[in-house]
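This report refers to the structure that appears directly beneath it.
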There are 2 protein chains.
Amino acid sequence: MRKDAVHNRERLLRAARSLFADRGLDVPLEEIARTAGVSIGTLYNRFPTRQALVDAVFEDRMAVVARLAEEALTADDAWDGFVAFLTGVCELQAADLGYNDVAVRGAAAGDPAGGYSLMRRIVDRAHASGQLRADVTLEDMAFVTWGIAATVRATFRVAPGAWRRHLALTLDGLRASAASDSRPLPVPPLTPEQTAVLMPECG
Amino acid sequence: MRKDAVHNRERLLRAARSLFADRGLDVPLEEIARTAGVSIGTLYNRFPTRQALVDAVFEDRMAVVARLAEEALTADDAWDGFVAFLTGVCELQAADLGYNDVAVRGAAAGDPAGGYSLMRRIVDRAHASGQLRADVTLEDMAFVTWGIAATVRATFRVAPGAWRRHLALTLDGLRASAASDSRPLPVPPLTPEQTAVLMPECG
DNA sequence: CCGCAACCTGAGAGGCGCCTCACCTTCGTT
DNA sequence: AACGAAGGTGAGGCGCCTCTCAGGTTGCGG
């Protein structure tokens with residue numbers, strides 16, 4: 001790749017990163033090109049589809065999630081690790097409306113299987129320690145993502161940080177102790193197949 | 001209003017109701033007109049703005065919510081009433097992607113103050129009975145709406161009913177008993193002013 | 001320094017949805 | 001029956017966004 005092409009690619013990524021971050025994934029491509037100081041044609045030269053651009057911008061995130069997951073697994077307490085992991089992921093969402101969108105629509109690139117299997121281990125460990133309620137499954141984590149994503153989107157400008165309260169309440173519902181006063185969960189969890197459809201990056 | 005005008009208005013409402021219900025609030029107006037067997041001009045004659053159409057379509061819902069709230073207040077058990085109310089509202093959301101959107105963006109017509117003050121009484125009663133955790137406020141109910149709405153939207157075609165599981169987990173986090181194992185909530189609730197901005201219909 | 005391949009550019013075609021308005025039809029009243 | 005007002009119609013203008021391509025420019029190996 002020629003030097004100027006590399007340069008433009010970087011300018012485009014910088015512009016996209018910033019616009020995605022505070023406006024979400026639906027920013028007009030023209031605006032990204034303009035912000036990068038480059039023509040729309042160049043954008044299409046470097047990134048033939050919007051998806052390609054999104055993938056490039058959020059390429060690093062999957063690795064970050066994987067790192068969060070590994071850290072979570074080394075935590076002394078299984079529940080603390082579980083909480084730290086979910087908090088970390090939600091912080092990523094709250095820091096970047098674009099990533100927030102990525103988390104909701106399954107629209108990521110990078111290493112899918114890696115993060116997912118780590119996450120299974122986090123859940124298994126929290127189950128084993130008896131702190132995560134037994135009737136909750138890995139697939140239920142999607143509810144957390146969707147829920148927090150919705151709160152992030154709604155409160156991003158008006159009350160950033162409000163999602164932490166939502167997350168805290170959600171986590172309290174996932175504790176083993178929360179299940180004891182409660183009836184059995186009303187419907188079965190999403191099947192892995194359904195989850196694969198709804199969150200393709202977790203296939 | 002002339003007879004044919006009334007007739008067309010009804011056809012438009014029927015079409016809008018049905019399209020909103022399974023595609024959400026962003027259906028093209030042209031498609032609504034076509035479905036109603038009427039020209040786009042007629043649609044604009046009856047409903048000068050999209051908002052006017054949305055208001056007309058969901059006019060009844062506020063009354064339904066008010067009825068749910070009243071029933072909830074007559075329940076023998078305060079917590080059961082609280083649960084029944086939230087479940088009822090969520091059922092409305094799950095039954096109609098359009099109403100689901102209405103619930104998220106504050107985009108309703110009808111009687112605003114009425115439903116909101118009833119809801120406050122439901123929350124107060126559940127607090128008074130000691131079953132709803134004390135550190136939760138009326139404003140936190142927005143998290144429930146946003147969260148369930150997100151799950152409804154994600155699973156509407158693939159796993160309708162999955163929201164019931166999400167709701168059950170959420171409710172378990174709102175029980176008084178859920179607070180005892182937990183740290184204090186990390187951030188203050190939304191202020192009434194913030195809520196008014198984020199959910200205008202609850203002003 | 002040459003020359004070519006890679007690259008950049010931006011006008012413009014095309015699609016989509018919103019909304020208007022000049023013209024025609026129909027209702028309902030007298 | 002006749003007429004005026006209310007209503008219906010849909011082509012077309014507008015704005016927004018996506019995507020392409022013919023023509024001009026530039027990096028870079030030889």
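Every chain is numbered from 1 and lettered A, B, ... according to where its sequence line falls, protein lines coming before strand lines.
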_D:dG10 OP1/OP2 closer than 4.0 Å to side-chain N/O of B:Ser39_ =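 Negative; the distance criterion is not met.
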If you compare every side-chain N and O of A:Asn8 against the phosphate oxygens of C:dC8 (OP1, OP2), does one of them come in below 4.0 Å?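 The answer is yes; a side-chain N or O of A:Asn8 sits under 4.0 Å from OP1 or OP2.
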Return the value, rounded to whole Å, for the distance between atom [atom1] of [X] and atom [atom2] of [N].
X: A:Leu12; N: C:dT9; atom1: CG; atom2: C1'; result: 13 Å
X: B:Leu43; N: D:dG10; atom1: CG; atom2: C1'; result: 13 Å
X: B:Phe47; N: D:dG7; atom1: CZ; atom2: P; result: 13 Å
X: A:Arg11; N: C:dC7; atom1: CZ; atom2: C1'; result: 16 Å

List in chain and number order the residues that pass side-chain contact (heavy atoms from CB on, under 4.5 Å) with A:Asp96, two or more places apart in sequence or in another chain; answer none if no residue qualifies.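 Scan of A:Asp96 (side-chain contact (heavy atoms from CB on, under 4.5 Å), adjacent residues dropped) gives A:Ala21, A:Phe58, A:Arg61, A:Tyr99.
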Is the closest side-chain donor-acceptor distance between [X] and [Y] under 3.5 Å?
X: A:Gln131; Y: A:Ser129; answer: yes
X: B:Asn8; Y: B:Thr42; answer: no
X: B:Thr49; Y: B:Gln51; answer: no

>> Working note: A:Asp124 + A:Arg121, criterion salt bridge (Lys or Arg N to Asp or Glu O under 4.0 Å); need CA distance, chi angles, decisive distance, verdict.
In response: CA-CA 5 Å; A:Asp124 286 348; A:Arg121 285 172 54 199; over 6 Å; no
| query | Looking across every strand, which nucleic acid part, if any, lies under 4.0 Å from B:Arg46 by heavy atom: base, sugar-phosphate, or nothing? | reply |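 Contact class for B:Arg46: sugar-phosphate only.
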Heavy-atom contacts, protein to nucleotides 25-30 of chain D, under 4.0 Å, summarised as B (base), S (sugar-phosphate only) or - (none) per nt, yield -BSS--
Its contact letters, B for base, S for sugar-phosphate only and - for none at protein heavy atoms under 4.0 Å, make nucleotides 12-24 of chain C read -----SBBB----
* B:Asp26/B:Arg105 ion pair, N-O < 4.0 Å ->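 A salt bridge links B:Asp26 with B:Arg105.
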Exercise. Do B:Asp135 and B:Arg183 sit within salt-bridge range, that is, some charged N less than 4.0 Å from a carboxylate O?
Worked result: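 B:Arg183 and B:Asp135: not salt-bridged.
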Exercise. Begin from the C-alpha positions of A:Arg46 and A:Val38 and carry the test side chain to side chain contact (heavy atoms under 4.5 Å, CB included) through to its verdict.
Key: CA-CA 11 Å; A:Arg46 298 292 121 238; A:Val38 138; over 6 Å; no
